[in-house]
Novice: 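Mind looking over this structure? Questions follow.
Order of the sequence lines sets the chain letters (A, B, ...), proteins ahead of strands, with each chain counted from 1.
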2 protein chains.
Amino acid sequence: MDGEPRWLDAREQHAWRGYLAMQAQLQATLHRRLQADAGLSLADFDVLVALSDRADEPVRAGELAGLLQWEKSRLSHHLARMERRGLVAREDCPDDARGAFVVLTDAGRRAQEAAAPAHVAAVRELVFDGLAPEQVDALISVSDEVRARIAGR
Amino acid sequence: MDGEPRWLDAREQHAWRGYLAMQAQLQATLHRRLQADAGLSLADFDVLVALSDRADEPVRAGELAGLLQWEKSRLSHHLARMERRGLVAREDCPDDARGAFVVLTDAGRRAQEAAAPAHVAAVRELVFDGLAPEQVDALISVSDEVRARIAGR
DNA sequence: CCGGAATAGTTGACGTGTCATCCAGTGTTC
DNA sequence: GAACACTGGATGACACGTCAACTATTCCGG
């Protein structure tokens, strides 16, 4: 079927290793800073942002999973932990008795608002302040292309 | 200290969200395929590749951690799991009695050789086959810049 | 040589993510 | 309306990663 595997050439290997290193270090750094500044994980922050984008309307768990592109089970576990810490609450859903609404608590809203400025500043500092506009464009086009290839097949 | 936080502009937000989505989906897809094809996690694969790059010379655990850019404790836990599955073995280090050598077992070598072609093919298919040479260059320059900013501060 | 600092690696506790499974409520079909 | 599959979500088991504490050795100054 594939005879000889086609390995990556030198430039591709360089790009791939560089990308892997960047992504690991960037994620770890942003995570550590957010944790240190605000006591939140990146995942916590994503959930809080998604919920506060919806003002205060309760959001269905499944819909939230879709927004975050998370598996339902991941979200369920994560919400259980966040609920234990008082950041979110689950409410019964009148329309569909097997569904659940998720809402931000006051503590959750405060945590998100407190965390956001430093987090954005870190993203700026580590990424965008160092990139020329063409590099930002390239990042967009690469992301779009790769995502299209992942989705389409 | 920072008065008004400087938010990301529309283009930057687009780039950032796209990057985050790409990286999450790419990692998940590569992980799932490697797991399905070869029963290995990405982390397993990285360890096996690092060890097989060193032919069969035993590698000190600490050095391996450095090569992989992993914390020592992560490596220790991961090696314990891989050792349980028979992919690697730990040996005593004669020079330094508190050190440990890590070696690939035959099963480990076979697993790595069996996994590599499909994994490279997946990276090609999802990433490099879709990118023009300038995009690969841009990926390199972005990775270098971001890593420099993470390191230097 | 002795005692304390540094180093190599392990361990335990805990948060996180995945997969498979389960359960309850819903919808559909006859 | 009873049997059926379907859907929303929770749960348990387990792999993974991090942090802090720990153990055993080595190193170094006196």
Novice: Please classify the nucleic acid contact of His78(A) as base, sugar-phosphate, or nothing, using heavy-atom distances under 4.0 Å.
Specialist: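 Since only primed, P, OP1 and OP2 atoms lie under 4.0 Å of His78(A), the category is sugar-phosphate.
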Novice: Salt bridge or not for Asp129(A) and Arg6(B), using N-O below 4.0 Å?
Specialist: yes
Novice: If we ignore angles and hydrogens, is there a donor and acceptor under 3.5 Å between the side chains of Arg11(A) and His14(A)?
Specialist: no
Novice: dC14(C) C1' sits how many Å from His77(B) NE2, rounded?
Specialist: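 One finds 11 Å between C1' of dC14(C) and NE2 of His77(B), rounded.
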Novice: Whether the side chain of Arg98(A) and the base of dT7(D) hold a donor-acceptor pair under 3.5 Å is what I'd like checked.
Specialist: yes
Novice: Report the distance from atom CH2 of Trp70(B) to atom P of dT18(D), rounded to the nearest whole Å.
Specialist: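 After rounding, the reported distance stands at 10 Å.
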Novice: Roughly how many Å is it from CZ in Arg90(A) to P in dG8(D), rounded to a whole number?
Specialist: 16 Å
Novice: Hey, does Arg85(A) reach any base, or is it just sugar-phosphate, or nothing, if we go heavy atoms under 4.0 Å?
Specialist: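 The residue Arg85(A) makes no contact with any strand.
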Novice: Going by heavy atoms in the side chains, are Asp44(B) and Ser41(B) under 4.5 Å from each other?
Specialist: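 A side-chain contact under 4.5 Å exists here.
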Novice: Taking atom CD of Gln23(B) and atom OH of Tyr19(A), what is their separation to the nearest 0.5 Å?
Specialist: 5.0 Å
Novice: Whole angstroms only, please: what is the CZ-C1' distance between Arg32(A) and dG15(C)?
Specialist: 16 Å
Novice: Please give, in whole Å, the distance from dT16(C) P to His31(A) NE2?
Specialist: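 The answer, rounded to whole Å, is 7 Å.
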